[in-house]
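To start, the structure under review is shown below, and the notes come after it.
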Amino acid sequence: MQQSMRCEPAPNILLMPETNQNSQLPLKVSELCFSVAQKQLVSDFNLELNTQGLTAIMGPNGAGKSLLLRLLHGLLQADSGGIEWNRQSLDIKTRQAQAMVFQKPVLLRRSVAANIDFVLQHCQTTSRKSRREILEEAGLYEQHEQPARLLSGGEQQRLALARALATAPKILFLDEPTASIDPSTTRQIEHWLERIRESGVKLIMVTHDIGQARRLASDVVFMHRGRLLEHTNAKVFFDTPKSSQAQAYLSGELVV
Amino acid sequence: MQQSMRCEPAPNILLMPETNQNSQLPLKVSELCFSVAQKQLVSDFNLELNTQGLTAIMGPNGAGKSLLLRLLHGLLQADSGGIEWNRQSLDIKTRQAQAMVFQKPVLLRRSVAANIDFVLQHCQTTSRKSRREILEEAGLYEQHEQPARLLSGGEQQRLALARALATAPKILFLDEPTASIDPSTTRQIEHWLERIRESGVKLIMVTHDIGQARRLASDVVFMHRGRLLEHTNAKVFFDTPKSSQAQAYLSGELVV
Amino acid sequence: LQSTTSTANSGLYDYLLPLFEKDTRVKVNVVAVGTGQAIKNAQNCDGDVLLVHAKAAEEKFIAEGYGVERFDVMYNDFIFVGPPGDPANIRNLRQAVGGLKKIAESESIFLSRGDNSGTHKKELSLWKYAGLDPVVASGTWYRETGSGMGATLNVAVEMNAYAMTDRGTWISFGNRQDFEILLSGDKDLFNQYGVMMVNPERCDKMNMQSAKTFIDWILSDKGQGLIANYQLQGQQLFFPNAK
Amino acid sequence: MQEFSSSFGLAFNLLISFDADLLEIIGLSLRVSLIAVVIAAIIGFPLGASIAVMRFPGRQVVDILLNALMGLPPVVVGLLVYMMISRAGPLGWLNILYSPTAMIIAQIILIVPIVAALTRQLIEDLHREYDEQFRSLCLPMSRVIPALIWDARYSLLTVVLAGFGRAIAEVGAVIIVGGNINHLTRMMTTSIALETSKGNLALALALGLVLLLLSLSINAAVYALRASAKHLAYA
Amino acid sequence: MQEFSSSFGLAFNLLISFDADLLEIIGLSLRVSLIAVVIAAIIGFPLGASIAVMRFPGRQVVDILLNALMGLPPVVVGLLVYMMISRAGPLGWLNILYSPTAMIIAQIILIVPIVAALTRQLIEDLHREYDEQFRSLCLPMSRVIPALIWDARYSLLTVVLAGFGRAIAEVGAVIIVGGNINHLTRMMTTSIALETSKGNLALALALGLVLLLLSLSINAAVYALRASAKHLAYA
Ligand SMILES: Nc1ncnc2c1ncn2[C@@H]1O[C@H](COP(=O)(O)OP(=O)(O)OP(=O)(O)O)[C@@H](O)[C@H]1O
Ligand SMILES: Nc1ncnc2c1ncn2[C@@H]1O[C@H](COP(=O)(O)OP(=O)(O)OP(=O)(O)O)[C@@H](O)[C@H]1O
Ligand SMILES: [Mg+2]
Ligand SMILES: [Mg+2]
């Protein structure tokens, strides 16, 4: 952890309209297990991701979606099983190309601007976007002097998302990034995400918003009680879910 | 704050099917202003609520919805203007009949069960529901020994909601209570809320979920930049919103 | 028993008291503090017997009615210690006053306790006798430690400085290094210890009986004999002189 | 420098010799400091938490005063207690001067501000998170304060250890009110001071090492206790 | 008890008389303690934060040791420093024994464990929240630690004040390495000890009151500073 990270310049969306191969893929997860205090929270998880685009992770509360993201990102240590990004184990270099927006935004006890500066400083190449551009995009420039932790719930989520994007990752984990964001900003963020996806960034997103997943996802991972139940093309998943749990989840019925 | 609160026994839903007059209403808000550091965050707010049922508060991020709830609940002190619950100013007795589910659940650093016990102890009449019943209703009984702050995001929200209900309030403020809850549990919670509403509890809920508001709300308060733009019957609001901001909000366009 | 530190540090009580307790079945608790504090504590009735060495202060204590009657117990003498190099060249002097003059002239570092203790008062009276006022040089060559004898000696040894101490403390002192006694034997350096009982009329809770027993015992032939017998490193520390 | 090395040997000898006098002194040191710190926590936790939580006029003054009292000089505390309980003092009839009780009282006075001020800080940080939830529940202070103390319990252990460190190392106050009387009120620190004044520096240092070992074992015990309890229902 | 009341009068007189000697002593006390506490914070903050943040084998032992060192007896510190810098000691050539420098060094050794242990606790509590975010950003320790210290800065002020309290009130160590030499190394606490040993209890107490007033004003200044800065970008 001693060596400092160099961020690649933010992918210029206008110059890179075509999908280019993401150097971090494929992701291969094999027999992943994670438990806390004898409780098996993620069990026998096998997954292969080589699609570009956005992978949606869905499943009822407590299914283990957030845990899975943290395992894939290397924040948690699995009990057993392997995670390989482009045939590399999860080392510091792999991790530096990733970023994550947490379910609960973790904001520094500083101003909004300082929260952005904090990650910008960390990137040694001058990112093409300035702090001001980033904040304007997130609709927070007006509040840049305000303590970040006094922002409204939705504003905090926006700031966390903007901060993650400022690191110009190749892989971006999103844990319910629009949960408390108003409908129009949600739309706007979805457009952002589409553009980012098109610039070759792999997005892995947890969401409970079925409409959103339909709009954005190219494939869906459905989890239940720590297990993978389905991993299919998005269209197939939403039209003809196989497992009864997924059917119940999508129809808004109680998933047991 | 020295005197301890006596909770009324939890309204028995089966015995009180009819709407009975809520002793806390009407709510009358006049010329309410709230500012922090010269910034006017809630301005000239006038509102009268005497309807039973669920009032939805809607508006874009940062509109001041959470601030409004906290003002109505007496957690924040307004700069000027008045709040009257049933012609009473906001005193300790009025507040004891209220409960609030915060946008970010605040859970004690204790087990799930202890979080419920904490409010049950506080209610001196034995609430009709036991801790176990409450947790089973919230689908958290399995996890009752787990540290509450290690629950998943959705589970935390459920716990916070269950805890607020355990105090058997007459007025319940809900700040985006289903933001990170899965679709089926959301449905289940909506059913809960309907039953509670029918037992005579007044619900005041902030939500960004238009479908949810349509299903539950009897009237809608639409806020924008700290001001009240509309307060009408829910059907009227969703079918023919008057202000351009509300129109934009509902259609998912950018609200400026 | 409120006592000076010098007698306590010399180990005299550790030697005497078990014998006394065996003789009389009276238990003695020693509070060893500076002479000034000891007198103050005794004035507050926080002790039954006072054993110190500052004759003027003791007589004042009696005169003001805090104590009953003062007895001489024993004496020893003060000495001047210093580095073997002896920069002020006082080694062969007979007179304390002469030594002080030489020290002042050469501005050799001299350490004073500066704490109003019996030793300090003695030292000041010697300076006065020599017609000198060292306090004007305070902080330069004349340095007041404001501490007990042991601490002052520690500093003196470290600073290669002169100091005046009672012989008992010096003999029992553990950190002498290469220091030597450079001047002693002057009759001006006589160090008298006195013992007295606090006034039972002022202090109603005191153990008058025990206090009497102790004073009688230490002034008795047996007590005095034991004091004479107490030796450290082959040297007698205190010389009994009860009348 | 030979003192330096010889004191290690001395400390070792002291320890293995199980000298009865030494054990007595160690016992008294532990007894006085532990009792003082427990009582100081019983007073200091609610006091600090109250100041953190309550809003009353003059709260800032109390806050500043409490912080300043962390710098209460032990000798001054010793003198104050001495004046109170000396036979000439108002509490002279208690007859506790030069007793372990007096030393415990002096140490409590010394430690309470430390425990209370540090508790105030920790609880204030926690309360920032809980405040609105508690006010929403209309909780009386009598429930808020214990709840905060309980939820901060693992962090507060460090506060107690800071208080204990101060107590076990303290000499200025206990020597005045205890008198450093052999077999009655002689503690580790007063012995160290005594040996220093006798010029027995190596022995003094050896005693210091023993004292350090003592607080090391207390700390290790507390740490083990905390570790075994911590994974239960806490995050 | 008449000392008790007279000492208030005395303290007042001392203060308004602007006695040159007293001012010198106050100045030295402040200088030594403030320098010591600043240096201790410069060492103790990163040290405590590192222990809070880093995971290395033996971390628990370091943790326990640090907590135990809060109970470092001043006299022992004094002796250790004394042995190091005495003429016979390895650092004797520095020639700093019985100088303010020596007192500062002793106080630093005394305070660093306090600052570091309390910092560890506070930073650990904060780090629990930030940990995953920082690891997600792959931040090197050289950025994590300053960031945590900065974000905990208002809470850490109380830690510094605890250290300052210890320093300004401390007598055992400074009297050994400073020698309490008049006009050279005499501080408030050593004067108090001296007046006590002289039996001038009222004067000693009066000096104690002056000292308390001193730390009260330092604390009030810090409080004002914090209050004026706090509403800027912090929550
Ligand atoms: N440290 C932990 N100790 C014990 N149980 C844990 C721990 N962390 C998570 N869990 C449990 O693991 C399960 C999965 O948690 P996770 O946060 O991954 O859920 P999730 O799928 O993200 O749910 P949500 O949609 O509510 O965010 C939950 O039931 C949670 O209570
Ligand atoms: N203490 C404060 N100091 C400064 N600004 C504040 C403070 N509290 C809130 N604000 C600002 O007030 C505005 C309204 O905040 P509020 O939390 O009420 O928004 P909201 O309508 O609930 O939004 P959301 O839907 O995102 O939760 C926001 O722009 C926020 O940044
Ligand atoms: Mg989750
Ligand atoms: Mg809100």
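Everything quoted here is computed from the prediction, not taken from an experiment. Naming convention: chains lettered A, B, ... in sequence-line order (proteins, then strands); numbering from 1 in each chain.
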| Contact listing (chain E partner; residues 139-160 of chain C; heavy atom under 4.5 Å) | Gly139(C), Arg143(C), Glu144(C), Thr145(C), Gly146(C), Ser147(C), Asn154(C), Val155(C), Val157(C), Glu158(C), Met159(C), Asn160(C)
| What part of Ile181(E) is in contact with chain C, defined as an atom under 4.5 angstrom from a non-hydrogen atom: side chain, backbone, both or neither? | both
| said: Could you report the tightest heavy-atom contact between Leu194(E) and Gly114(C), atom names first, then the distance? | reply: CD1-O, 3.4 Å
| remark: When rounded to the nearest 0.5 Å, the distance separating OG of Ser197(E) from NE2 of His120(C) is 10.5 Å
| request: With sequence neighbours excluded, give me every side chain to side chain donor-acceptor pair (under 3.5 Å) pair touching residues 8-30 of chain E. | output: Glu24(E)-His183(E)
| Residue-level interface, residues 190-201 of chain C with chain E, non-hydrogen cut-off under 4.5 Å | none
| field | Atom pair NZ/OG1 of Lys198(E) and Thr35(C) - distance to nearest 0.5 Å | value | 13.0 Å
| query | For atom CD of Gln60(E), is the number of surrounding heavy atoms from other residues, nucleotides or ligands below 6.0 Å larger than 12? | reply | no
| note | Under a 4.5 Å heavy-atom criterion, the part of residues 52-75 of chain C in contact with chain E comprises none
| For the candidates Thr190(E), Asn182(E), Asn200(E), Leu97(E), which exhibits the highest count of non-hydrogen atom pairs separated by less than 4.5 Å from chain C? | Asn182(E)
